[in-house]
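First comes the structure, then the notes that go with it.
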Amino acid sequence: MKEGRDDLLAALEGRGWQSGAAIAASLGVSRAAVWKRVERLRERGYGIEAVAGRGYRLVRDSDLLLPDAIRKHYRPTLLRGEIVHRTTIDSTNRLAAELARAGAEEGTTVVAEQQTAGRGRLGRTWVSPASVNLYASIVLRPGIPPLDVPRLTLVAGLAVAEAIRDSGSFAPRIKWPNDVLLGGRKVAGVLTELEAEADRVRFVIVGIGVNLNAARADFPPELRRKATSLAIAGGTPVARAAFTGRLLTRLDAAWATFLEGGFAALRHRYDELHGLVGVAVTIDGAPPLAGTVRGVDDGGALLVEAEGTIRRVVSGEVTLRDTYRALRRGRA
Ligand code: BTN
């Protein structure tokens with residue numbers, strides 16, 4: 001997994017044709033290694049021509065998540081705040097919370113090429129390699145009680161799944177509350193964090209990570225069977241700034257619907273993409289709950305049928321009793 005700016009890219013940028021031998025010498029690697037790295041950069045969306053006798057030439061930059069590039073695909077109605085871009089950051093959620101504390105308006109969005117301390121749910125780490133994926137955090141200021149905030153996570157999960165569905169012939173499935181999977185493997189996650197008083201939310205940060213162009217080698221070995229990216233699943237790289245615009249557009253629209261009608265107004269759309277319905281699961285807890293998922297209710301709670309009774313689950317980690325096979329419906 002590369003960190004920071006790639007030295008091969010630096011050797012190619014703004015210089016026209018460069019011979020393989022010259023690049024190899026300047027980087028201190030073999031010509032075969034240069035070729036392999038050129039291939040990796042191409043997988044990440046860089047356009048690099050290779051011609052025998054001339055060498056290599058960079059013809060198209062990869063699409064960085066620059067605010068102007070994102071705005072070409074994003075006309076918000078409600079989430080009008082600034083888009084803040086960082087090349088490297090510890091966590092976009094951390095910076096978004098700092099901006100919100102300083103008064104940033106609703107819709108302020110932090111995007112980064114790379115996170116050095118990306119946070120996942122339940123204290124986990126979110127693997128955040130440079131320039132391949134999307135890491136975004138959006139400031140929301142909902143007038144809802146803190147107890148209702150988990151519903152926002154479902155709204156964000158829905159927007160992510162819809163944006164992925166808009167991006168080709170993908171069949172994403174949501175794993176309640178907000179994991180998004182392709183072919184049973186996790187492609188995106190949402191981490192919602194909030195600052196609140198007892199009965200009033202000061203702000204919510206909706207943090208979204210989507211694996212867009214990560215190659216299998218970008219994931220640590222223990223995640224390679226569980227995680228995927230749009231590029232792995234679809235076979236071609238995704239234009240990241242355009243995807244980000246589509247995702248924010250979906251979020252903006254879902255947010256407007258949520259403010260008007262609550263989660264109930266989005267429930268049918270969530271149901272369409274929910275991959276757990278009819279699936280045998282166990283919810284952690286003491287004692288754990290084993291049953292079959294029947295859907296979600298108007299408050300976003302998971303409905304689990306156990307011993308003939310429907311139980312509402314508002315939080316908890318869902319484990320599929322039958323591995324992820326149950327979610328491998330549809331195209332990966
Ligand atoms: C999960 O565990 O499924 C949630 C992952 C959320 C990751 C995103 S990446 C952008 C934002 N910044 C973070 O540090 N985390 C979230």
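Atoms within each ligand, like the ligands themselves, are counted from 1 in listed order. All values below come from the heavy atoms of this structure, side chains included, with hydrogens, waters and symmetry mates left out. This one's a predicted model, so the numbers in the text were calculated from it and none came from an experiment.
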| query | Is there a donor-acceptor contact under 3.5 Å linking the side chains of R54 and S19? | reply |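 Note: R54 and S19 side chains miss the donor-acceptor criterion.
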Pairing donors with acceptors under 3.5 angstrom, does anything connect the side chains of T116 and D90?
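Result is no, nothing qualifies.
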*Considering all heavy atoms, the nearest V318-K175 contact*: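 Answer, listing the atom of V318 first, then K175: O-NZ, 3.0 Å.
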Under a 4.0 Å N-O cut-off, is there an ion pair linking E105 with R80?
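A salt bridge is absent here (no side-chain N lies under 4.0 Å from a carboxylate O).
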Is R173 salt-bridged to E272, cutoff N-O under 4.0 Å?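 Looking at E272 together with R173, the answer is no, because their closest N to O distance does not fall below 4.0 Å.
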Can you give each donor-acceptor pair under 3.5 Å made by side-chain atoms of residues 228-236, sequence neighbours left out, with the distance rounded to 0.1 Å?
from: S229; atom 1: OG; to: A214; atom 2: O; distance (Å): 2.7
from: S229; atom 1: OG; to: A231; atom 2: N; distance (Å): 3.4
from: S229; atom 1: OG; to: I232; atom 2: N; distance (Å): 3.0

Below 3.5 Å only, please: the N or O atoms of ligand 1 paired with protein N or O atoms, distance on each line.
from: ligand 1; atom 1: 2 (O); to: R121; atom 2: N; distance (Å): 2.6
from: ligand 1; atom 1: 3 (O); to: K186; atom 2: NZ; distance (Å): 2.6
from: ligand 1; atom 1: 12 (N); to: T92; atom 2: OG1; distance (Å): 3.0
from: ligand 1; atom 1: 12 (N); to: Q115; atom 2: OE1; distance (Å): 2.9
from: ligand 1; atom 1: 14 (O); to: S91; atom 2: OG; distance (Å): 2.7
from: ligand 1; atom 1: 14 (O); to: Q115; atom 2: OE1; distance (Å): 3.3
from: ligand 1; atom 1: 14 (O); to: R119; atom 2: N; distance (Å): 2.7
from: ligand 1; atom 1: 15 (N); to: R119; atom 2: O; distance (Å): 2.7

